Amino acid sequence: MNRIQSAPAYAGTDKTVFAFYPEFTEEADAANIVPRAFWYLANLLRNGAVLLVPSQVKLPTGSDIPRHIDPAILPLFEDLRGRVVHIRSDGAPIGDILNAHEHTNVIVLCHKAEQLVAVRQQVSRSPNVRVVNVDPEASQYESSLYLKLSSNDGKGTIDDIETCRARFERMVQSMETSRVFVFGTGPSLDTVDFGSLPAGEKIVTNSMVVDDDLMRAIRPRVIVASDPIFHAGCSSYAGEFREKLIAAMRQYSSYFVFPMRDYGVYRAHFPADLQDHLIGVPLAKSENLNTQLGRAFHVSSQSNVMTLFLLPIAASVSKEIVLAGFDGRPLSESSYFWSHSKTAQLNHRMAEIQLTHPAFFKISYNEYLFKHMRVVAQYLNEAEANGIRVVSITDSHVPAIKGRYLEGAPAEVLEGRQPTASIVMPCYNVAKYLDECIGSILDQTLSDWELICVDDGSTDATWEKLVYLAARDARIRIFKQENGGVSIARNKGLALARGRFVCFQDADDIFYRDALETMVRCAEQEPPDTIAYGERVITDPNGNELNLSSGRGGGLTFESFDNWPGVTNTALGRAHLFKGTLFRPKLAYAEDWLYFAEIARTGVKFVQTGKRIATYRWHSSAATQREFENNIVQTAFAMQQMTADNWENGLLDPDYAVGLPGDAFHQLELRRMYNILAQCIFRSDFAAAEKVYSFIDRKARRRPLKKMTVDEVERAAVRTVFEPFRSKALHQKLRGAIGDQFLAVERIVEPERHSAFFDAFSTFAKQVDGRADVLPQSSPPSPPAGFEQRRRMYRLLARLPLVRRALQPLKRRYLRSRGLI
């Protein structure tokens, strides 16, 4: 029969018993585990609870505790001596041990996880008995569970909540809330010039308190910490953090805000003169950002201090939040949560805290980061929906923060009002177009914008023209860089953008007068993860509108991006949607398509405004009219990115993490190649056209297309091939043959390079319209110049079944009359 030592009588009205189980058999084990209960449960033990310690070895004394445990626990050994009962149970079941002791409630502290199931089975029929897993080797939440025990299951009492609510209200009343700076511990914190920051309250977090110089520079009104091991825990790391925290609170009269879960520990161990500055906040199950913390005194339970406290506090006290030091990290660096500023972290204590709480660090750090990124994006959107401006003065790997980063933001930028829209415009040798382009922006019905012009190393008078225009309107911001390409210029403009919304413009195109107002109104009416876009009207080199446009279809998603309408300069969305993705600098072709496709892959929806937004000037100097070989190669590369697995990107819509399925990609690839084929034919570049056609032919043979998909693919090609025409009759015939997507327009490239081609089809168009005499029945004339090239062109066209079906009768009559067949 197991022998159980009888319990001595103990004083106190609270008959709660905390009982370790199983029995300690090794002194080192007891020295590591027992002091934790002294730390976390001190307030309860002082108020009548009892700690029952079954042990075959002596209980630890202060000198026995390991170095990784906070030495501040030492005085508790003497203070709590009368609340500890040491017994010998000799392996008796937990039920027998508890039956030998008077109690009202029992909390069994199981410090060996392998016995957890058996212990719970033993007490399953015992009323008022709970079993808690406090094995630091196996329980990731060991510290959190202790903390909850110390504060009414983490909820606090009604008196605790009302006391802390009143303290929070006093804190807010003492603050100047026109602007709030919120600081994280990321490495970018080292780049902040604190002396140049404008007036505003300061909120700091976590181990920033260890840097005395930083604290003097910031002088924080509020200090926030929420981690159960790094801040409220029993390790030497947490102990040093609290020493620095107490010193900072005294020096700067700072308030300390933390979860109500930790209130019992901080109230038990903090000095009396700081008790009135301790604010524990209850946690709630809500998934939304609480911007009214003074009224609804709770925060949503989140795993990161930024979303748990920093954003709710800042959003509750101010309409302008300035972030700094929230770096996140690249997904590839997944060995820890993220890196920290060298001066704002207790790096010399990291090994000790990992010894104290080893199970805490056995997690997936990328999974933690994915969740954090999503919640940050949600909360910042909600803050802005409540009229709160949020910007960051340091860069970040977290897209929602990066999207609000103001590169090199000086004090006067922070003091200025955030514009509604930022227009990013790369400029390269476009001096002759700038007056018209920027004039269309100056004439917008929405006047609250900024225009960011990035001169990409122009060799004409572009920069001088930009300087002239910027001097006349402060909304125009100009920047210069060495020639690096349109993608680098756009990326720089994105980094500099300050507006709530972002859009692009090309320097040789123009906006319609209500373009910005139309897009902003549409975007504001949609969810935050929506981009508004509209119609783009094609013009000739002189700016004359042609009977051709794009961007008139329905809304786009990632799945439908094979039908991308090319609306780079007619799309607008919230800044973080654009800033979270970058253009690929090495791509000269399809870079805009890939950029927007990657945005769509995150689950962003594209909504049609139903209105004209901008023009697109199509001329021979445009990049898409040069180097078709590179166009083909780079377009293929861009499309391949949409099939690649990218499950590590936590921002991606889960349905799109593995990219487009094979069939969808095949349709996309062929559609793009048909367009390139049509352009090659259009330019009489038959060598390139033959290569593209061979590519299409190989692909189509390997994976046959459905009939309807072939038609859809060819419509895009026909639209391009027959751009030389305005003919109404031809237009109607083609519309009847291939549907409403067809638009016939006149030729756009230089007529002198293709005069024979142009003349032949112009005559054909007139004949169809009935505006010319009947073609002569005489012998065919001699083949005109370029005969062989045109014959090859017609043969290539004849390979497109849809073209053959639509035009065969008319084409045969015409070509025969010209002696071309």
Side-chain angles (χ1 to χ4, degrees), residues 16-46 49-55 57-81 83-86 106-113 115-116 119 130-151 153-154 227-242 261-269 349 351-362:
T16 297
V17 172
F18 294 95
F20 277 116
Y21 193 82
E23 185 176 47
F24 289 103
T25 57
E26 297 181 7
E27 290 185 3
D29 197 19
N32 182 37
I33 300 298
V34 174
R36 300 167 189 256
F38 289 180
W39 171 256
Y40 293 111
L41 306 177
N43 63 319
L44 300 178
L45 295 174
R46 287 169 179 160
V50 173
L51 178 63
L52 193 64
V53 186
S55 177
V57 298
K58 72 179 185 69
L59 291 186
T61 63
S63 60
D64 297 325
I65 69 172
R67 291 183 58 187
H68 56 78
I69 298 293
D70 182 8
I73 296 175
L74 292 176
L76 298 177
F77 281 83
E78 182 64 28
D79 184 26
L80 301 175
R81 181 192 299 271
R83 312 310 304 170
V84 179
V85 179
H86 178 198
V106 176
I107 311 295
V108 179
L109 306 175
C110 182
H111 60 93
K112 293 295 182 183
Q115 297 194 33
L116 188 62
V119 171
R130 292 172 57 189
V131 180
V132 179
N133 180 7
V134 293
D135 183 350
E137 296 288 342
S139 175
Q140 181 182 342
Y141 305 105
E142 168 237 1
S143 184
S144 294
L145 294 171
Y146 268 126
L147 290 165
K148 287 182 178 180
L149 293 175
S150 74
S151 57
D153 205 24
D227 194 272
I229 70 163
F230 287 95
H231 310 127
C234 60
S235 68
S236 56
Y237 182 111
E240 185 170 341
F241 161 77
R242 287 187 291 268
R261 174 202 65 198
D262 307 344
Y263 189 56
V265 164
Y266 289 129
R267 184 171 57 180
H269 301 299
R349 297 285 190 186
E352 296 172 9
I353 196 170
Q354 289 173 350
L355 281 173
T356 310
H357 308 282
F360 181 85
F361 296 92
K362 298 175 183 178

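Not measured: the values here are computed from a predicted model.
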Visitor: Can you measure from NE2 (His111) to CG (Asp135) and round to the nearest 0.5 angstrom?
Guide: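 Rounded to the nearest 0.5 Å, the NE2-CG separation comes out at 8.5 Å.
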Visitor: If you apply the rule side chain to side chain contact (heavy atoms under 4.5 Å, CB included), what do you find for Arg242 with Tyr266, and how did you get there?
Guide: CA-CA 10 Å; Arg242 287 187 291 268; Tyr266 289 129; 4.2 Å; yes
Visitor: Are side-chain heavy atoms of Asp70 and His269 found at a separation under 4.5 Å?
Guide: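 Answer no - side chains too far apart.
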Visitor: Side chain to side chain contact (heavy atoms under 4.5 Å, CB included) for Thr356 and Ile229? Distances and angles first, verdict last.
Guide: CA-CA 9 Å; Thr356 310; Ile229 70 163; over 6 Å; no
Visitor: Any idea how Tyr146 and Tyr40 line up, ring-wise: parallel (<30°), tilted (30 to 60°), or perpendicular (>60°)?
Guide: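 Rings of Tyr146 and Tyr40: parallel, as their planes differ by under 30°.
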Visitor: Is there a side-chain contact between Val132 and Phe18 in this structure, where contact means two heavy atoms from C-beta onward sitting under 4.5 Å apart?
Guide: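 Side chain of Val132 against side chain of Phe18, heavy atoms only: no contact under 4.5 Å found.
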Visitor: Kindly indicate whether the side chain of Phe24, heavy atoms from C-beta on, has any atom under 4.5 Å from the side chain of Val34.
Guide: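 They are in side-chain contact.
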Visitor: Taking all atoms of both residues into account, what is the closest heavy-atom pair of Glu142 and Val134, and its distance?
Guide: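 Here Glu142 and Val134 meet closest at CG-O, 3.7 Å.
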Visitor: Test side chain to side chain contact (heavy atoms under 4.5 Å, CB included) on Phe360 and Asp227; report intermediate values, then the result.
Guide: CA-CA 11 Å; Phe360 181 85; Asp227 194 272; 3.8 Å; yes
Visitor: Is any side-chain heavy atom of Phe20 closer than 4.5 Å to a side-chain heavy atom of Leu51?
Guide: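 Contact flag for Phe20/Leu51 side chains = yes.
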Visitor: Does any part of the side chain of Asp262, heavy atoms only, come nearer than 4.5 Å to the side chain of His231, both counted from C-beta?
Guide: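 No - every pair of side-chain heavy atoms lies 4.5 Å or more apart.
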Visitor: In Å and rounded to the nearest 0.5 Å, what is the OG to CZ distance from Ser235 to Arg36?
Guide: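 Spacing of OG (Ser235) from CZ (Arg36) equals 9.0 Å.
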Visitor: Taking atom CZ of Arg261 and atom CG of Asp153, what is their separation to the nearest 0.5 Å?
Guide: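 The CG atom of Asp153 is 12.0 Å from CZ of Arg261, to the nearest 0.5 Å.
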Visitor: With under 30° as parallel and over 60° as perpendicular, where do the rings of Phe38 and Phe77 fit, or are they tilted in between?
Guide: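 Rings of Phe38 and Phe77: perpendicular, as their planes differ by over 60°.
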Visitor: Given side chain to side chain contact (heavy atoms under 4.5 Å, CB included), test Val84 with Leu59 step by step and report yes or no.
Guide: CA-CA 10 Å; Val84 179; Leu59 291 186; 3.9 Å; yes
Visitor: So do His357 and Cys234 actually touch side chain to side chain, heavy atoms under 4.5 Å?
Guide: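 The answer is yes; the side chains approach within 4.5 Å.
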Visitor: Looking only at non-hydrogen atoms, find the nearest pair between Ser139 and Asn133 and report the distance.
Guide: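 Taking every non-hydrogen atom into account, OG-O, 3.3 Å.
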Visitor: Is there side-chain contact between Ile33 and Pro136, with at least one heavy-atom pair below 4.5 Å?
Guide: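 In short, these two side chains touch, coming nearer than 4.5 Å.
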Visitor: Under the criterion side-chain contact (heavy atoms from CB on, under 4.5 Å), which of Val265, Leu80, Leu76, Leu149 is the partner of Leu41?
Guide: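 Among Val265, Leu80, Leu76, Leu149, the one meeting side-chain contact (heavy atoms from CB on, under 4.5 Å) with Leu41 is Leu149.
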Visitor: Are Arg46 and Asp79 close enough that some pair of their side-chain heavy atoms sits under 4.5 Å apart?
Guide: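 Counting from C-beta outward, Arg46 and Asp79 do come under 4.5 Å.
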